[in-house]
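Just so it is clear: chains get the letters A, B, ... in the order the sequence lines come, proteins before strands, and each one is counted from 1.
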There are 2 protein chains.
Amino acid sequence: MLTERQLLLLQLLVNDYIISAEPVGSRSISKREDVHYSPATIRNDLADLEEMGYLEKTHLSSGRVPSEKGYRFYVDHLLSPEILSQNELGTIREAFRRKFSETDDLIHVTARVLSEFTNYTAIMLGPELLDMRLKHLELVKLSESQGVMIIVTDTGHVENRTVSFPELIKAEDVEKIINILNDKLNMVPLYQLQARLDTEVRAVLKKNIADYQRVMALLKDGLSISDPNRIFYSGKSNILEQPEFRDINKVIALLNVFESNDLVRELMDMPSGGLHIRIGRENKLNGIEDCSLITTTYSAGDDHLGTVAVIGPKRMAYPRVVTMIDLIAKLLTKSLSKEKSE
Amino acid sequence: MLTERQLLLLQLLVNDYIISAEPVGSRSISKREDVHYSPATIRNDLADLEEMGYLEKTHLSSGRVPSEKGYRFYVDHLLSPEILSQNELGTIREAFRRKFSETDDLIHVTARVLSEFTNYTAIMLGPELLDMRLKHLELVKLSESQGVMIIVTDTGHVENRTVSFPELIKAEDVEKIINILNDKLNMVPLYQLQARLDTEVRAVLKKNIADYQRVMALLKDGLSISDPNRIFYSGKSNILEQPEFRDINKVIALLNVFESNDLVRELMDMPSGGLHIRIGRENKLNGIEDCSLITTTYSAGDDHLGTVAVIGPKRMAYPRVVTMIDLIAKLLTKSLSKEKSE
DNA sequence: GTTAGCACTCTCGATCACTGAGTGCTAAAT
DNA sequence: ATTTAGCACTCAGTGATCGAGAGTGCTAAC
């Protein structure tokens with residue numbers, strides 16, 4: 001168990017280190033106004049904390065730096081969210097007040113605000129596409145042989161894919177097909193589309209459409225939703241201003257992670273909704289051992305949850321980021337639900 | 001005027017420097033098998049080339065490095081495109097052979113191939129949205145008050161935006177409106193949509209729809225195309241492996257440029273189609289004084305031109321990149337036109 | 001339990017000498 | 001008239017050395 005004083009010292013040390021990025025020594029802690037222990041006393045406690053694994057030294061006679069265990073303890077027990085100034089709060093609220101013509105737009109703005117107010121990198125992950133339901137289908141012919149299949153989901157998300165038309169299909173037939181589909185597949189979850197095509201649509205098509213087998217092929221093709229949800233970033237270069245990223249190789253490793261959507265999706269995959277903090281190696285992913293990730297979820301109507309995250313160095317301003325990401329996820333949720341029901 | 005030997009030396013020196021990234025000395029040039037001049041002779045010529053502004057020294061007694069003027073001369077007069085191995089050619093062709101469900105997909109793959117085979121960063125800029133023509137409009141109601149407006153262009157590009165519905169508008173009315181719009185606005189360039197709404201649609205709506213003023217407001221809103229064309233990147237981290245980017249500040253400057261779509265669009269704006277090479281400061285943009293940019297255009301049917309670019313250090317493997325970007329732009333054009341007319 | 005004092009460790013920056021690569025210039029060779 | 005050999009000179013980079021400064025651990029006194 002940690003003594004009161006040790007708790008205090010750990011907290012002060014982490015706070016200090018977050019700001020300075022330099023190993024913190026006993027003397028500099030003891031100089032603070034709110035501390036009236038001598039350097040020697042502090043040294044003893046720091047030595048204990050180090051022995052217990054909460055602190056580390058960069059070399060034999062340096063000041064201390066929090067270990068991952070230390071950060072973990074800090075965020076679990078010593079973290080008090082930062083209170084934002086009225087000023088900042090106002091600016092952020094203002095950013096969400098304007099009208100957004102596209103959902104993508106709103107997501108972009110959210111990412112930008114988050115990265116600008118934290119000075120780290122913001123990552124936005126849309127809700128799982130496959131969980132959405134079909135609201136409307138449309139098939140537009142572009143030329144004799146090519147067309148676009150458009151899928152609108154219940155959240156207002158729009159997917160599109162190019163399809164090649166069987167030759168000589170008639171315009172009325174296209175209309176008929178679309179009507180059948182919209183009738184039969186309304187509000188079906190996207191991941192079931194393929195299956196329902198066989199069970200519910202095939203028979204009707206057979207009855208109504210001449211060349212129904214080719215049409216089925218076209219539909220199968222057009223309704224294959226493999227496309228994963230999109231990922232947006234903002235402030236990628238912010239993280240580079242952190243002193244821990246003066247080493248180019250770390251930068252390369254990090255940017256490589258960002259370039260792989262799969263990795264990022266894996267990285268942001270959390271066991272439940274709400275706020276999560278992953279520190280350093282707790283992220284099971286090469287290249288970001290020196291980063292911390294804070295995620296939370298936002299909702300895009302009903303139970304469609306998206307994820308918003310901030311990634312920065314382990315030495316992250318946790319109090320501020322926690323407050324910020326929480327606020328911004330709530331504002332985003334509000335904006336999205338307003339769009340739906342206003 | 002440059003002598004034969006000077007031309008040769010300039011070419012050899014640039015080629016050498018492109019590979020080694022180190023200042024090139026007279027001795028190392030003279031050691032090549034295809035050169036039989038002594039270091040002293042070469043030194044004299046290099047001194048002349050330097051005097052004429054084609055070469056520079058990093059310090060008084062260092063080897064030479066090409067100046068921007070030197071690179072310019074090199075690409076204008078000494079550049080012979082690299083011939084790709086059958087092997088590489090095959091792999092690249094193969095990548096374009098598979099089926100793409102979305103145009104975006106194809107663009108992504110193009111960017112990836114280009115960055116992987118050049119080891120620099122690829123940038124893809126879609127055709128100007130505003131030049132496209134309206135092929136099909138759709139208005140989908142999501143809830144009582146919200147809907148999605150979908151715009152399909154003649155190239156198969158799909159745009160969408162959320163709109164708020166006037167209360168109590170009837171489903172048949174929505175259908176009527178859409179029919180009118182599709183009738184009146186077919187093949188109108190997107191940049192004219194707003195204007196045509198007033199001149200051609202207003203009167204018809206007035207006759208047919210009860211609450212026509214509110215509907216007009218909705219349409220005005222939904223048809224405002226301000227959204228600029230999208231930009232894709234691939235291999236952002238490749239460029240960081242170049243020794244000239246060991247300085248973090250250059251990296252930050254470059255990534256900042258990448259984060260601003262406006263800047264990148266400005267950067268890639270060329271006076272004409274076809275291949276362009278911009279070296280260093282020829283790019284009028286802070287942050288990329290040390291980069292070269294090679295762009296060319298691809299076509300997405302008719303006269304919709306998009307731009308594809310490779311950005312790397314001034315010391316770029318020009319012969320290879322020129323060959324590569326040319327090949328890939330052609331393959332992309334072919335894939336896009338195949339999609340339309342196959 | 002807390003603090004003062006002291007010897008010890010390690011980093012960082014400055015200085016210095018040395019090496020190697022490269023140049024410019026002059027005079028000899030072709 | 002070119003081309004080349006020879007030589008003195010310049011400069012970046014490396015490694016060794018040194019002192020200052022910050023910090024620690026330990027012991028003994030408060």
Side-chain angles (χ1 to χ4, degrees), chain A residues 1-10 12-17 19-67 70 243-244 246-247, chain B residues 1-10 12-17 19-67 70 243-244 246-247:
Chain A
M1 258 315 281
L2 296 182
T3 66
E4 275 300 315
R5 193 175 56 213
Q6 285 170 336
L7 290 176
L8 175 69
L9 290 178
L10 180 54
L12 291 179
L13 188 140
V14 175
N15 285 340
D16 234 48
Y17 184 63
I19 295 170
S20 70
E22 305 270 298
V24 182
S26 53
R27 236 177 82 86
S28 71
I29 295 184
S30 105
K31 266 198 240 150
R32 295 177 54 116
E33 287 185 2
D34 45 350
V35 174
H36 21 261
Y37 304 104
S38 75
T41 312
I42 293 172
R43 268 207 292 286
N44 286 332
D45 275 341
L46 295 189
D48 290 348
L49 285 168
E50 184 181 352
E51 209 170 314
M52 289 183 272
Y54 295 112
L55 298 180
E56 286 169 350
K57 282 190 284 200
T58 59
H59 56 109
L60 201 67
S61 75
S62 75
R64 260 79 173 200
V65 161
S67 67
E244 25 273 276
R246 253 179 297 159
D247 175 3
Chain B
M1 257 317 278
L2 296 181
T3 67
E4 276 300 317
R5 195 174 57 214
Q6 285 170 337
L7 289 175
L8 175 69
L9 290 178
L10 181 53
L12 291 178
L13 189 140
V14 175
N15 285 340
D16 233 49
Y17 184 63
I19 295 169
S20 70
E22 305 269 296
V24 183
S26 53
R27 232 177 86 86
S28 70
I29 295 184
S30 105
K31 266 196 238 148
R32 294 178 54 120
E33 288 185 2
D34 47 350
V35 175
H36 21 261
Y37 304 104
S38 75
T41 311
I42 293 172
R43 268 207 292 285
N44 286 331
D45 276 340
L46 295 189
D48 289 349
L49 285 168
E50 184 182 353
E51 212 169 312
M52 289 184 272
Y54 295 111
L55 299 179
E56 286 169 354
K57 281 190 284 201
T58 58
H59 58 100
L60 202 66
S61 74
S62 74
R64 260 81 172 199
V65 160
S67 66
E244 25 272 276
R246 253 179 296 161
D247 176 3

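If you take CD1 of A:Ile42 and P of D:dA22, they are 17 Å apart, rounded to a whole angstrom. Straight-line distance from the CG atom of A:Leu46 to the C1' atom of D:dA22: 15 Å, rounded to whole Å. Distance NE2 (B:His36) to P (D:dT2): 18 Å, rounded to an integer number of Å. Between the NZ atom of B:Lys57 and the C1' atom of D:dC9 there is a distance of 12 Å, given to the nearest Å. Distance B:His59 NE2 to D:dC11 C1': 5 Å, rounded to the nearest Å. When rounded to the nearest whole Å, the span between NZ of A:Lys31 and P of D:dA22 equals 8 Å. Between the OH atom of A:Tyr17 and the C1' atom of D:dG23 there is a distance of 16 Å, rounded to whole Å. For the pair B:Arg43 CZ and D:dT4 C1', the computed distance is 10 Å after rounding to whole Å.
Taking 4.0 Å as the cut-off between side-chain N and carboxylate O, B:Arg64 and B:Glu50 count as a salt-bridged pair.
Between the side chain of A:Ser67 and the backbone N or O of A:Glu56, no donor-acceptor pair lies under 3.5 Å. In this structure, A:Ser62 contributes its side chain and A:Thr58 its backbone to a donor-acceptor pair below 3.5 Å. Judged by distance alone, with hydrogens and angles left aside, the side-chain atoms of B:Ser30 form no donor-acceptor pair with the main-chain N or O of B:Ser38 at under 3.5 Å.
Residues A:Leu46 and A:Val24 are not in side-chain contact: their nearest non-hydrogen atoms beyond the backbone lie 4.5 Å or more apart.
When the side-chain nitrogen and oxygen atoms of B:Arg5 are compared with OP1 and OP2 of D:dT3, one or more of them lie within a distance under 4.0 Å.
Projected onto DNA chain D by closest heavy-atom contact, A:Val24 and B:Thr58 fall at different nucleotides, the more 5' of which corresponds to B:Thr58. Mapped onto DNA chain D by nearest heavy atom, A:Ser28 and A:Ala40 fall at different nucleotides, with A:Ser28 at the one closer to the 5' end.
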*asked:* Quick one, A:Leu49 with A:Leu2, criterion side-chain contact (heavy atoms from CB on, under 4.5 Å). Give me CA distance, side-chain angles, the key distance, then yes/no.
replied: CA-CA 8 Å; A:Leu49 285 168; A:Leu2 296 182; 3.8 Å; yes
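Taking CG from A:Asn15 and CG from A:Leu12, the interatomic distance works out to 6.5 Å, rounded to the nearest 0.5 Å.
The outermost nucleotides of DNA chain C lying under 4.0 Å from heavy atoms of chain A, listed 5' to 3', are C:dT2 to C:dT11.
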